[in-house]
Amino acid sequence: MQPTSHRFKENVRGALADAALQRALRFFDFGQAGLAERRRQAVAKLPEFEALREQAKAIKDHTLANLDWYLERFEKNCTAAGGHVHWCRDAEEARQTVLDICRRVGARTVTKGKSMIGEEIAINDFLAANGIEPIETDLGEYIVQIRHEAPSHIIAPAIHLTKDQVAASFRDTHKQFDPARPLEEPRALLDEARGVLRQKFLEADVGITGANFLIAETGSSIIVTNEGNGDLTQLLPKAHIVLASLEKVVPTLEDAATILRVLARSATGQEMSVYTTFSTGPRRPGDLDGPGEYHVILLDNGRSQLLGTEFQEILRCIRCGACMNNCPVYASIGGHAYGWVYPGPMGAVLTPSLIGIENARHLPNASTFCGRCESVCPMKIPLPKLMRHYREQEYERRLAPATVRMGLAAWAFLARRPALYHSMARLAAGVLGRLGRRHGSFFNLPLATGWTATREMPAPQGKTFQAQWRARQRSKGRR
Amino acid sequence: MSNARTQILDGIRRSLKRGPLDQAAARALEMRLERPLRGPVPARTRGLDRDGLVRLFERLALEVNATVVRVRDLDAVPDAVADFLAAHNLPADIAMAPDPLLDRVPWHKRPLLNLRRGRSHGQDAVGLSAAFAGIAETGTLMLASGVDSPSTLNFLPETHVVVLPAARVVGPIEDAWDRLRAAQPGEQLAGPTMPRTVNFITGPSRTGDIEQKILMGAHGPRRLHIVIVEDESAGPQP
């Protein structure tokens, strides 16, 4: 997927003007029965949640500090179970490795479970260009695939769409059915997709899934799903390929249990997702089913370079989506505006980490630093702090346009001279306060049209906070 | 490819500003794998006896839209299965795991049950399996693949019926791992001693991908029916 993160501002303007998208995003009305609220209720039901978060963070910090050893141990145990581990430095190597396996087993079609690494290395386009048909099987992923779109959310790929849009796409794609069939209800859409995809599962030659975790102790990969599509994807074909990045490894089954306890609760508010599957190697002698081959792609793609830097903490991310479910910016613009694979607050840190801050400098700025993302992150990743580090890099490497840097320089000049700063603030608050007195807010402000085009700017009340504070203290003193 | 391996491992060590771990450090990690530490285990299962665990399991399984029936012993299983299928108007064609526990069930008591032993290829209306464990903490079934336990039965049929002896119900996830370790020679779960597939199943298949509306029966079973066998002799883990 070609990143458009550098065009973030244009993307946002498009998203805000997109009526269908804004209708779909109503599910992010905080306080409604959306994902954020479901998470809050699940957390409230588990008194140990905070302790589990601490432990989950400690597990990942420990693993990252010993990543080389745990990866080698994973490889040893996976190989002992008959699996193959493929170390891939970048997307190109990973794509080629997958293609080689598919070609060797004579694959014509490949079913896919949901995989963000699959998006990161753009495996679908690559397979298609090489004559192999990839079929997404997660319902949301299937919907965005037939619409030639990218997922807009890491756990709810089609959350930007309404059911009417899905129905229209099914009519366009599933030409084998009666065009007049009723598709108004989500149930009808699901049943149709289930029927179409069931056939694909049974026909596929290779199944590709992601991995929520790898376990060093056992050499297993884990997938967590609700639909069961990931299991049918890996169970039925001749070969199962797991796409995993380096930081997915955890030491033991017990460590996985700890992190699983925070994963589903943070993601969808479930205590456990419906299917948590631990896979270790290919079909064993005497087994009646299971894939004949089992491959794990271990993808680096820049992650080893993040270790030991201030950005190492983003490698704790378990892709639950809680940060975007609770983000007021994501709720306003959806996921596509972020312009690459990973949206929301975790994307605002991971995207510049993987494709470079020079290609994604707007993303760390797309935050009010309200701090909700950090407060809900099950792995306690300090997302605002990491975004701030990227803002610093943006300034230091002179990536921001001259006007922005001059503005910041002017502000810094004032901020370092308190007397001057106060008198300027007094002047601005006074003038704006008088101008805005009638409505209490501005609908149009020169130099701030980016703000006032989509919302009002509240007018100051005529005096600065500090002046009001002093006045209050004085009146208290008199009493 | 081995070149990529070396480069990635070297890159990790360079970033961590160290070489390969020395012997003492590696030994400490080795120990961490040999004696896995438990994290904070939810208190909800603590202090519960067998009956308390089974009741918690049952309550949580019902909350995630499974159905549950309790029977006294294996003799009562054919009625439980046949009655469930009849009540839901389902055909009595069952693909059954060739599991020793299920083989002890006197199926001849309900001659209209049409049982076939083996995996599923997608034509079966009903799959029947035996669980390795029930995890009371979340109402989760644990199934382990093997020569007598094909995983296709868990996913392809529209209805999945699982027989779970009460003696196999444990509290937290960690207790299930301990039972699985105890069932292996050497009590380790590394590579080939870990079953090829371990399925944790918490309710029937579902999706929320269309306008966040939760619907059952996405790709896996629409119905999950759990038959809990109270008789101790139905046995702990194989």
Side-chain angles (χ1 to χ4, degrees), chain A residues 27 46 48 51-52 55 66-69 77 80-81 86-89 93 139-140 156 158 162-163 166 186-187 189-190 194 202 217-220 226-229 231-232 235 251-254 257-258 271-272 274-281 283-284 286-290 300 304-305 307-308, chain B residues 1 4-5 7-9 11-13 15-17 20-21 26 29 32-33 36-40 42-43 60 118-119 122 138 140 145-147 150-152 155 173-174 177 189-192 194-213 215 217-220:
Chain A
F27 293 107
L46 190 71
E48 293 84 0
L52 285 162
Q55 180 66 13
N66 299 286
L67 190 60
D68 50 338
W69 194 88
N77 284 326
H86 307 268
W87 302 72
C88 299
R89 282 166 291 200
E93 269 184 7
L139 179 60
T162 63
K163 62 182 181 186
V166 177
R187 180 85 245 172
L189 294 166
L190 170 59
R194 179 182 167 113
L202 296 169
E217 175 195 5
T218 58
S220 314
N226 278 314
E227 299 185 359
N229 65 304
D231 288 280
L232 292 172
L235 195 51
T252 63
L253 292 165
E254 276 70 7
T258 294
E271 299 221 311
M272 282 283 274
V274 176
Y275 302 112
T276 301
T277 300
F278 303 74
S279 306
T280 315
R283 179 192 289 224
R284 306 274 167 85
D287 276 359
L288 299 171
D289 52 24
D300 184 343
S304 60
Q305 304 302 308
L307 289 170
Chain B
M1 202 55 70
R5 182 184 189 279
Q7 274 195 23
I8 290 171
L9 288 170
I12 291 171
R13 290 169 188 142
S15 292
L16 293 172
K17 298 171 188 67
L21 290 182
L29 299 187
R32 201 183 179 289
L33 295 194
L37 291 170
R38 291 184 175 201
L60 294 176
R119 60 163 285 176
T138 46
T140 298
S145 75
V147 290
S151 309
T152 38
F155 295 99
I173 300 172
E174 288 84 346
W177 293 136
L189 293 173
M194 177 79 176
R196 174 181 57 77
T197 307
V198 174
N199 291 124
F200 283 3
I201 300 178
T202 313
S205 159
R206 70 199 60 194
T207 183
D209 272 347
I210 300 174
E211 295 197 350
Q212 297 294 290
K213 189 173 162 56
L215 300 170
H219 290 294

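- A heavy-atom distance below 4.5 Å is found between the side chains of B:S205 and A:Y275.
- When all heavy atoms of B:K17 and A:G308 are compared, the pair lying nearest together is NZ-O, 3.7 Å.
- Of all the heavy atoms in B:I210 and A:L190, the pair that sits closest is CD1-N, 4.4 Å.
- Atoms CG and CG, from A:L307 and B:L16 in turn, are 5.0 Å apart once rounded to the nearest 0.5 Å.
- Contacts with chain A were tallied for B:G217, B:A43, B:G208; B:G217 has the most, counting heavy-atom pairs under 4.5 Å.
- Counting heavy-atom pairs closer than 4.5 Å to chain A, the top-ranked of the candidates B:Q212, B:E174, B:K213 is B:Q212.
- Scanning all heavy atoms of the two residues, the minimum distance from A:D287 to B:G146 falls at OD1-C, 3.4 Å.
- In this structure, the side chains of B:Q7 and A:D300 stay at 4.5 Å or more apart for every pair of heavy atoms.
- By number of non-hydrogen pairs under 4.5 angstrom with chain B, the leading residue of A:G219, A:G140, A:G281, A:G228 is A:G140.
- Of the inter-residue distances, the one linking B:L9 atom CG with A:S304 atom OG reads 9.5 Å to the nearest 0.5 angstrom.
- In this structure, CD on A:Q305 lies 10.0 Å from CD1 on B:I12, to the nearest 0.5 angstrom.
- Of all the listed residues (A:L46, A:T218, A:V274), the one sharing the greatest number of non-hydrogen pairs under 4.5 Å with chain B is A:V274.
- Only the side chain of A:L232 comes within contact range of chain B, with at least one heavy atom under 4.5 Å from a heavy atom of that chain.
- The parts of B:R206 that come within reach of chain A are both its backbone and its side chain, each placing non-hydrogen atoms under 4.5 angstrom from that chain.
- With A:D289 contributing its side chain and B:R119 its backbone, the two residues share no donor-acceptor pair below 3.5 Å.
- For the pair A:P186 and B:E211, the minimum side-chain heavy-atom distance is 4.5 Å or more.
- Contacts with chain A were tallied for B:G11, B:G203, B:P42; B:P42 has the most, counting heavy-atom pairs under 4.5 Å.
- Contacts of A:E217 with chain B are made by both backbone and side-chain atoms, with heavy-atom separations under 4.5 Å.
- For A:L202, the part lying near chain B is the side chain, with the backbone staying farther off; criterion is any non-hydrogen pair under 4.5 Å.
- With a 4.5 Å cut-off on non-hydrogen atoms, A:L253 touches chain B through its backbone and its side chain both.
- Within the 4.5 angstrom heavy-atom criterion, atoms from both the backbone and the side chain of B:S151 approach chain A.
- Atom CZ of B:R38 sits about 6.5 Å away from atom CD of A:E254, to the nearest 0.5 Å.
- Between A:A257 and B:I173 the shortest heavy-atom distance is CB-CG2, 3.9 Å.
- The most heavy-atom pairs under 4.5 Å with chain B, out of A:E48, A:R283, A:R89, come from A:R89.
- The choice from A:L67, A:T162, A:T258, A:L235 that makes the most heavy-atom pairs within less than 4.5 Å of chain B is A:L235.
- Heavy-atom pairs under 4.5 Å with chain A were tallied for B:T152, B:L29, B:T140, B:L37; the largest tally goes to B:L29.
- For the options B:L189, B:T138, B:L21, heavy-atom pairs under 4.5 Å to chain A are most numerous at B:L189.
- The distance from atom CG of B:L215 to atom CG of A:N226, rounded to the nearest 0.5 Å, is 12.0 Å.
- No side-chain heavy atom of A:E271 sits less than 4.5 Å from a side-chain heavy atom of B:T202.
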Full working for side chain to side chain contact (heavy atoms under 4.5 Å, CB included) between B:T197 and A:R284: CA-CA 10 Å; B:T197 307; A:R284 306 274 167 85; over 6 Å; no
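- The shortest heavy-atom contact between B:H219 and A:L139 is NE2-N, 4.4 Å.
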Stepwise side chain to side chain contact (heavy atoms under 4.5 Å, CB included) check, A:T252 with B:L33: CA-CA 6 Å; A:T252 63; B:L33 295 194; 3.7 Å; yes
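- Rounded to the nearest 0.5 angstrom, B:L60 CG and A:M272 CE are separated by 11.5 Å.
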